[in-house]
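Here is the structure we will look at.
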Amino acid sequence: MLHTLLHSPAHCDLETLLLMAGAGDDVLLLQDGVLAALAGSGALMRFSECDATLWVLDEDVQARGLAGQISTSVQSVDYTGFVTLTIRHQQQMIW
């Protein structure tokens with residue numbers, strides 16, 4: 001399953017997302033969801049306990065001026081990579 005987080009981790013049900021995401025799943029951080037990828041953040045520490053692969057949309061990182069603040073443990077993807085993730089997962093959930 002592909003989970004897309006569009007909102008700041010402070011304004012979503014992050015706990016439920018983390019319970020639902022598991023091995024073989026991908027979590028893509030978009031829009032204000034990219035805040036969850038900030039190095040040293042509490043949300044990133046929570047995601048490190050999850051078996052899903054964490055991705056961040058580079059265009060949204062750039063748009064928010066956060067390029068140097070995203071953790072190196074999070075994989076960056078462009079819009080083409082976003083499309084690839086959506087093709088890979090027939091089931092998707094938006095948070």
Side-chain angles (χ1 to χ4, degrees):
M1 178 177 286
L2 175 62
H3 300 269
T4 53
L5 177 59
L6 304 174
H7 304 284
S8 164
H11 295 102
C12 73
D13 190 356
L14 187 60
E15 294 304 315
T16 302
L17 187 163
L18 292 167
L19 286 172
M20 292 187 69
D25 290 345
D26 289 299
V27 177
L28 178 60
L29 306 175
L30 306 167
Q31 298 176 10
D32 286 343
V34 301
L35 296 173
L38 291 173
S41 70
L44 184 62
M45 286 189 277
R46 296 286 298 142
F47 273 113
S48 70
E49 301 167 0
C50 180
D51 290 330
T53 303
L54 187 60
W55 303 84
V56 65
L57 186 66
D58 187 54
E59 284 83 352
D60 286 340
V61 170
Q62 298 298 328
R64 285 155 181 77
L66 299 173
Q69 300 174 52
I70 300 299
S71 171
T72 56
S73 67
V74 180
Q75 299 181 57
S76 180
V77 67
D78 59 10
Y79 279 110
T80 302
F82 181 5
V83 171
T84 301
L85 288 171
T86 61
I87 292 170
R88 184 182 311 159
H89 297 281
Q90 290 184 4
Q91 293 182 329
Q92 299 176 26
M93 180 156 298
I94 300 172
W95 299 89

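Computation of the quantities below employed the complete heavy-atom set of this structure, encompassing side-chain atoms and omitting hydrogens, waters and symmetry-equivalent molecules.
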Mind checking side-chain contact (heavy atoms from CB on, under 4.5 Å) for [X] and listing every partner two or more places apart, or none if nothing turns up?
X	value
Thr53	Asp26, Trp55, Gln75
Ile87	Val83
Leu66	Val34, Leu35, Leu38, Val61, Arg64, Gln69, Ile70

Polar side-chain atom of His3 near backbone of Val27 as donor-acceptor pair, under 3.5 Å: no
Whether the side chain of Asp25 engages the backbone of Ala52 through a donor-acceptor N/O pair (distance < 3.5 Å, no angle test) should be reported. no
Should Leu57 and Met1 be counted in the same cluster of Ile, Leu, Val, Met, Phe, Trp and Tyr side chains packed under 4.5 Å apart? no
Do Leu19 and Leu17 belong to the same hydrophobic cluster, where Ile, Leu, Val, Met, Phe, Trp and Tyr are linked whenever their side-chain heavy atoms lie under 4.5 Å apart, directly or via other members? no
Shortest non-hydrogen contact from [X] to [Y]?
X	Y	value
Ala36	Ser41	O-OG, 3.5 Å
Leu5	Cys12	CD1-SG, 3.5 Å
Leu14	Ala43	CD2-CB, 4.0 Å
Gly40	Met45	O-CE, 4.0 Å
Trp95	His7	O-CD2, 3.4 Å

Which residues satisfy the side-chain hydrogen bond (donor to acceptor under 3.5 Å, both in side chains) test with [X], sequence neighbours excluded?
X	result
Ser71	Ser73
Thr16	Asp13
Glu15	Arg46
Asp60	none

Would you check if [X] and [Y] make a side-chain contact, meaning some heavy-atom pair closer than 4.5 Å?
X	Y	value
Asp58	Phe82	no
Leu44	Val74	yes
Leu28	Leu30	yes

Within a 6.0 Å radius of atom CD on Glu49, are there more than 12 heavy atoms belonging to other residues, nucleotides or ligands? yes
Heavy-atom count check: over 12 atoms from other residues, nucleotides or ligands less than 6.0 Å from Ile94 CD1? no
If you measure from [atom1] on [X] to [atom2] on [Y], what distance do you get to the nearest 0.5 Å?
X	Y	atom1	atom2	value
Thr80	Leu85	OG1	CG	11.0 Å
Met93	Thr4	CE	OG1	9.5 Å
Thr84	Leu2	OG1	CG	11.5 Å

